[in-house]
Amino acid sequence: MSESSPGAQPTQSVERPPLSTLRHSLAHLMASAVQKLHPGVRFGFGPSIEHGFYYDFDLPEPLTDKDLAAITKEMRGIANRSGAIECEELTREEAQKRLSDQGQTYKEEAVGLIPEGEKITFYSHGEGEDRWGDLCEGPHLTDFRESFHFKLLNVAGAYWRGDERNPMMQRIYGTGFWTKEELKEHMAWLEEVKKRDHRRLGASMDLFSTHADAGAGFVFWHPNLGTVRRCIEDVWWELHARDGYEPVYTPHVSRESLFAVSGHLENYSEMMYAPMELDDLPYRVKPMNCPGHILIYKNRGRSYRELPLRWGELGTVYRYERSGVVHGMLRVRGFTQDDAHIFCTPDQLADEIAGVCRLVDEIMSLFGFECTAYLATRPAEKTIGDQASWDQATAALQSAADSIGLKLESDEGGGAFYGPKIDYKIKDALGREWQNSTIQVDFNLPERFDLTYTAADGTQQRPIMVHRAILGSLERFVGVLIEHYGGKFPLWCAPTQVALIPIREEHADYCRELDARLKAELFRSDCKDDPAHMNKKIKQAQRDQVPFMLIAGEREQADGTVAIRRRGTREQEVVPFDDFLALVRRLRGERAAGLE
RNA sequence: GCUGCUGUAGCUCAGUGGUAGAGCACUUCCUUGGUAAGGAAGAGGUCAUGGGUUCAAGUCCCAUCAGCAGCUCCA
């Protein structure tokens with residue numbers, strides 16, 4: 001199994017056009033097949049994408065997965081009967097007329113989207129009944145008789161031009177490669193993605209659940225995953241304490257007026273839960289932790305001598321997410337952010353940002369993630385504050401990144417309503433990207449809450465706030481982590497670290513003795529001393545992805561040894577128990593990723 | 001929220017208007033086993049929920065809830 005998607009870096013011979021060209025042409029071929037089977041179809045867009053291609057269709061009848069076989073067959077037929085793909089250039093008027101004659105209303109609209117002065121081209125293929133052409137900028141293959149391999153994958157809805165105010169079309173996704181092997185490899189990758197799905201592993205490893213009785217988007221952490229989470233939280237606090245962060249705790253519910261001052265009511269209310277009335281006053285469940293931390297800051301006068309203040313909270317927030325978007329642990333309605341707010345002077349800002357960037361890097365490497373950073377600037381609407389402070393904040397992020405040699409990609413308009421941010425994307429073991437860490441510079445909330453500190457010259461100055469989360473939310477991060485590791489948590493955070501398995505019941509005492517010694521050192525060991533069969537216990541430990549199985553029978557008992565079976569292998573090594581203890585002490589101490 | 005699909009035992013799924021099923025998991029008994037499924041028996045279901053059609057509904061229709069593939073949106 002390849003560690004990254006085979007689609008990302010295809011191997012191909014030099015004479016062949018890029019994979020994206022093949023896939024784009026496959027989208028055309030698919031569209032022509034759909035037209036043969038459903039003559040009234042109107043077409044949307046049909047590009048190549050990262051791992052394949054899609055095409056959007058407007059059809060009166062719904063397509064289902066069952067239609068894919070017929071469409072595939074038709075595609076093969078069209079390609080075999082006549083392979084040539086031709087390109088012709090049309091004037092804007094000719095293109096409009098042709099599409100209008102064909103009743104292709106979406107495509108007519110698409111012509112209007114082509115900038116003045118740009119060439120307008122049609123790509124066509126097929127003979128007679130198969131004849132089909134499409135407004136398209138290309139490029140395409142010149143001939144479908146080239147050897148290629150494709151597979152149609154699934155059907156889904158998609159808005160015309162990606163806008164939810166537009167009609168919903170039907171989208172078919174597919175993928176294609178030059179060789180059978182590459183296609184096979186990609187299908188195996190998709191299979192691996194499925195196997196590692198945190199919802200599936202969550203069930204088989206007894207990690208978490210969600211419940212219709214509790215409502216969508218609320219996660220229940222079972223003891224196994226609770227253990228993983230505690231381990232992560234422990235490192236988190238350890239590293240944050242080292243970096244001068246102090247813990248704070250704030251309530252989940254506050255008076256609504258607090259969120260009026262912060263601007264959440266005005267800019268974030270569609271994400272917030274409805275008010276509840278207490279003593280005739282409206283209260284709200286918090287969607288963010290910042291107003292709470294601000295109240296602590298404001299509780300007394302602050303001196304420049306105290307700054308920077310770095311306050312961390314694993315703060316649970318509740319946000320209304322639309323019903324269709326909730327997804328396992330990755331997109332939920334209640335989650336715990338590893339939040340912190342830094343209150344600092346303008347002089348300190350760049351260093352503070354740089355410090356957070358370094359911490360992001362350190363924590364993400366602990367889990368083996370590679371990160372990419374993006375600079376997210378002011379959104380087009382629903383923001384607070386004047387442009388000058390936005391510019392200042394944006395410049396501060398950029399210069400902090402420069403100071404530590406961090407390259408920032410651009411995310412235009414992706415900022416929070418109160419300030420710009422650096423967002424990180426992490427790449428997991430399967431090559432997929434996730435957004436977790438975020439660093440946000442905020443001049444606006446200090447203004448709104450009238451935060452001050454006394455400067456060295458005795459004047460009252462405005463502090464700057466940095467909002468930051470590194471894991472993002474524990475739910476999303478741990479969900480990603482399950483998939484990243486495929487359930488094979490490193491020893492230091494694995495729910496059960498060692499499974500002890502006696503070969504016969506008479507060896508159970510020996511196992512219990514070893515179990516006691518492991519537990520005395522706070523290892524999470526599971527002594528499987530029930531009367532069940534040894535093979536069954538091995539199978540359970542495999543299913544639970546326990547890093548080490550220690551199997552002990554007569555020989556081990558007599559010698560004070562254990563037969564170690566490491567996760568993922570069937571080989572055994574017999575070593576003195578003390579050696580094993582030394583090994584796990586070291587792995588835990590190093591928070592090692594592997595079991596060596 | 002939108003489009004399409006799905007909901008039957010803890011899990012995976014069969015059941016095409018007429019007596020609710022299988023495999024795995026679970027429990028008990030037998031088996032004392034050297035590295036991924038020993039044998040036998042048993043228990044387990046208001047067929048998501050509520051309404052409707054029908055002599056008769058797990059099966060057909062409507063609504064609600066939850067889930068799946070996406071879109072849009074996001075930590």
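One finds a side-chain N or O of A:R199 lying less than 4.0 angstrom from the OP1 or OP2 phosphate oxygen of B:C68. Between A:R565 and B:A36 there is a side-chain polar atom (N or O) within less than 4.0 angstrom of OP1 or OP2. Within the 4.0 Å cut-off from OP1 or OP2 of B:A75, not a single side-chain nitrogen or oxygen of A:Y268 is found. Between B:A36 and A:R570, a contact under 4.0 Å exists linking OP1 or OP2 to a side-chain N or O.
Between the base of B:A36 and the side chain of A:Q542 there is a donor-acceptor pair shorter than 3.5 Å. At a cut-off of 3.5 angstrom, counting only N and O atoms as typed in the model, there is no donor on one side facing an acceptor on the other between the side-chain of A:Q540 and the base of B:A36. The base of B:C74 sits within donor-acceptor range of the side chain of A:R476, with an N or O pair under 3.5 Å. Donor-acceptor pairing under 3.5 Å, judged by distance alone, is absent between the side chain of A:K536 and the base of B:A37. A donor and an acceptor atom never sit less than 3.5 Å apart when one is taken from the side chain of A:R171 and the other from the base of B:U3. The base of B:U31 sits within donor-acceptor range of the side chain of A:H533, with an N or O pair under 3.5 Å.
A:A203 comes within 4.0 angstrom of nothing in the nucleic acid, heavy atoms only. Looking at heavy-atom distances under 4.0 Å, A:E556 makes contact with a base. Nucleic acid contact class of A:V332 (heavy atoms, under 4.0 Å, all strands): base. Here A:G553 lies in heavy-atom contact (under 4.0 Å) with a base. A:E475 comes within 4.0 angstrom of no nucleic acid atom, judged by non-hydrogen atoms across all strands. At the heavy-atom level, A:H327 lies under 4.0 Å from the strands shown only through sugar-phosphate atoms. A:A469 comes within contact range of no nucleotide atom at all, as no heavy-atom separation falls under 4.0 Å. Residue contacts shown for A:Q170 are absent, as no nucleic acid heavy atom lies under 4.0 Å away. Note on A:E505: a base of the nucleic acid sits closer than 4.0 angstrom, heavy atoms only. Among the heavy atoms of the strands, none lies under 4.0 Å from A:K537.
When the C1' atom is used for both B:U35 and B:U28, the distance is 27 Å, rounded to whole Å. Remark: the separation of the C1' atoms in B:U19 and B:A66 is 31 Å, to the nearest Å. Comparing the P positions of B:U16 and B:C55 gives a spacing of 23 Å, expressed to the nearest Å. Taking atom C1' in both B:G15 and B:U59, one finds a spacing of 9 Å when rounded to whole Å. Spacing between B:A57 and B:G52 at atom C1', rounded to whole Å, works out to 11 Å. Rounded to the nearest Å, the gap between the P atom of B:G1 and that of B:A36 is 49 Å.
Counted by atom type alone, A:E556 and A:T561 present zero donor-acceptor pairs between their side chains at under 3.5 Å. For the 3.5 Å distance criterion, the side chains of A:T105 and A:R42 qualify, holding a donor opposite an acceptor. Under the 3.5 Å distance criterion, with hydrogens and angles disregarded, a donor-acceptor pair is assigned to the side chains of A:R319 and A:Y268.
Taking a pair to require two hydrogen-bonding distances under 3.5 Å in either a Watson-Crick or a G-U wobble arrangement, B:U16 remains unpaired. Nucleotide B:A63 forms a pair with B:U49, judged by Watson-Crick or G-U wobble geometry with both contacts under 3.5 Å. B:A69 and B:U3 make up a base pair, with Watson-Crick or G-U wobble contacts both under 3.5 Å. Pairing for B:A36 is absent, with no Watson-Crick or G-U wobble pair whose two atom distances lie under 3.5 Å. Within the shown strands, B:G10 is the pairing partner of B:C24 under the Watson-Crick or G-U definition, both distances less than 3.5 Å. In this entry B:G44 has no Watson-Crick or G-U wobble partner, no candidate having both defining distances under 3.5 Å. For B:G58, there is no paired nucleotide, since no Watson-Crick or G-U wobble pair has both relevant distances below 3.5 Å.
Ring centroid separation for the pair A:F45 and A:W160 comes in under the 6.0 Å cut-off.
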Report task. For A:W189 and A:H51, run side chain to side chain contact (heavy atoms under 4.5 Å, CB included): C-alpha distance rounded to whole Å, both residues' side-chain angles, the deciding distance at 0.1 Å, then the answer. Result -> CA-CA 11 Å; A:W189 180 76; A:H51 295 307; 3.8 Å; yes

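In summary, A:D163 and A:R161 do not engage in a salt bridge, as defined by a charged side-chain N under 4.0 Å from a carboxylate O. A salt bridge does not link A:E571 to A:R566: none of the charged nitrogens lies less than 4.0 Å from a carboxylate oxygen.
The aromatic ring of A:F477 does not sit over the base of B:A75, since the test of centres under 5.5 Å and planes under 30° is not met.
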